[in-house]
Amino acid sequence: MILLKTVEPGQATGSVAQVYSAFDQLGEVPMPMRLLSASPGLQQVQFGGLRYFGGHKTLNAPLLAAIRYAASNLSCHDACLAFNGGLLQRMGMSGADLEALGQGRAPESLEEREAALVVFVRRALSEPASVSAADLDGLRAQGWTDADILDATAHGASLMASAALQKAFVRGSAAS
């Protein structure tokens, strides 16, 4: 049950219906998008972020899913952890790699530079004051731009924000 007044997928009109239609191939509208229908303007902002990352030139789908999985682990959000873990397994990631991600270690299935970025993002989210110029220089030496580093970290942070909103406003089986 969602504690706020939201729009059910079958009842959506206007901009909410447009956002919902983007998830037709999944067979259901993800809970974060359903929750955000309580504020169609905010839902549009969040959906714009999804479109941005969906077309990102350097942050690919497995890397973004790994970032979300690591952030889900930090935010203790079981539904997002299960969703992104399942997605990563369908993309070929092993259980050992998922365990490594959850513990802040580099998964073997990602390229070395991608793994380094995921490990950095997880640490930046869990211990923001620990980020140093040397960390950034190391990522730059692996070919990441400052925009890539910021985008990756923002992507993880946005999942943590979404998890907090779901914990605040969603109860029971609707949370998954």
Side-chain angles (χ1 to χ4, degrees), residues 9 19-36 46-127 130-131 135-136 138-167 170 173-176:
V19 169
Y20 283 3
S21 71
F23 299 99
D24 286 345
Q25 71 278 9
L26 290 179
E28 69 176 299
V29 178
M31 180 53 63
M33 283 298 137
R34 288 182 49 213
L35 174 59
L36 289 174
Q46 184 69 21
F47 188 66
L50 290 176
R51 282 194 307 255
Y52 174 72
F53 284 107
H56 204 283
K57 292 180 179 162
T58 54
L59 305 178
N60 61 40
L63 175 57
L64 290 168
I67 289 168
R68 291 191 305 272
Y69 185 85
S72 297
N73 184 277
L74 287 172
S75 64
C76 301
H77 197 270
D78 292 337
C80 289
L81 199 61
F83 176 82
N84 287 292
L87 184 60
L88 286 166
Q89 287 179 319
R90 287 189 298 279
M91 293 176 173
M93 191 170 278
S94 70
D97 280 345
L98 292 176
E99 185 177 329
L101 275 174
Q103 295 174 354
R105 294 182 289 112
E108 292 182 12
S109 62
L110 293 178
E111 293 178 11
E112 183 180 335
R113 72 188 218 101
E114 292 175 334
L117 184 59
V118 172
V119 169
F120 167 81
V121 168
R122 187 183 188 286
R123 188 166 52 81
L125 296 174
S126 66
E127 303 170 43
S130 75
V131 172
D135 293 324
L136 301 177
L139 292 170
R140 290 178 190 121
Q142 292 182 316
W144 296 113
T145 67
D146 286 9
D148 294 333
I149 297 165
L150 182 60
D151 284 355
T153 307
H155 189 65
S158 71
L159 186 129
M160 292 181 74
S162 177
L165 292 173
Q166 287 184 71
K167 287 177 183 180
V170 180
S173 64
S176 47

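Throughout, residue positions are numbered sequentially from 1 according to the sequence presented.
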Flag side-chain contact, heavy atom, 4.5 Å: S109 against M91:
no
Which of parallel (below 30°), tilted (30 to 60°) and perpendicular (above 60°) describes F47 and F23?
perpendicular
Taking only residues at least two apart or on different chains, which pairs with a member in residues 142-162 satisfy salt bridge (Lys or Arg N to Asp or Glu O under 4.0 Å)?
R140-D146
Quick check on E112: does its CD atom have over 12 non-hydrogen neighbours (other residues, nucleotides or ligands) under 6.0 Å away?
no
Salt bridge (Lys or Arg N to Asp or Glu O under 4.0 Å) against D78, all qualifying residues, sequence neighbours excluded
none
Heavy-atom distance under 4.5 Å between the side chains of E114 and N60, does that happen here?
yes
Compare every heavy atom of V119 with every heavy atom of G104, then report the nearest pair and how far apart it is.
O-CG1, 3.5 Å
Would you check if P32 and L165 make a side-chain contact, meaning some heavy-atom pair closer than 4.5 Å?
no
How long is the span from the CG atom in L74 to the OH atom in Y69, to the nearest 0.5 Å?
11.5 Å
Shortest non-hydrogen contact between G85 and L98, atoms and distance
O-CD1, 4.0 Å
Closest non-hydrogen atom pair, P62 against L88:
O-CD2, 3.6 Å
Going by the ring-ring contact (aromatic ring centres under 6.0 Å, His included) test, which pairs reach into residues 98-121, not counting sequence neighbours?
none
Distance col, row Q166:CD vs L35:CG, nearest 0.5 angstrom, shows 6.5 Å
Once the angle between the rings of H56 and F53 is folded into 0 to 90°, is it parallel (under 30°), tilted (30 to 60°) or perpendicular (over 60°)?
parallel
Is there side-chain contact between H155 and L59, with at least one heavy-atom pair below 4.5 Å?
no
Could you tell me the separation between the CZ atom of R122 and the OG1 atom of T153, rounded to the nearest 0.5 Å?
13.5 Å
Would you find a donor on one side and an acceptor on the other, under 3.5 Å apart, between the side chain of S72 and the backbone of R68?
yes
Please confirm whether the backbone N or O of A22 pairs with a side-chain atom of Q25, one donor and one acceptor, at under 3.5 Å?
yes
Smallest heavy-atom separation, L125 atom then A71 atom, equals CD1-CB, 4.0 Å
About how many Å separate NZ of K167 and NE2 of H77, when rounded to the nearest 0.5 Å?
6.5 Å
Interatomic spacing from CG in L110 to CG in L117 - rounded to 0.5 Å
10.0 Å
Dump the intermediate steps for side-chain contact (heavy atoms from CB on, under 4.5 Å) on L136 and W144, then the final yes or no.
CA-CA 9 Å; L136 301 177; W144 296 113; over 6 Å; no
In this structure, CG of N84 is separated from CD of Q89 (nearest 0.5 Å) by 11.5 Å
How about V118 and L101: do any of their side-chain heavy atoms sit closer than 4.5 Å?
yes
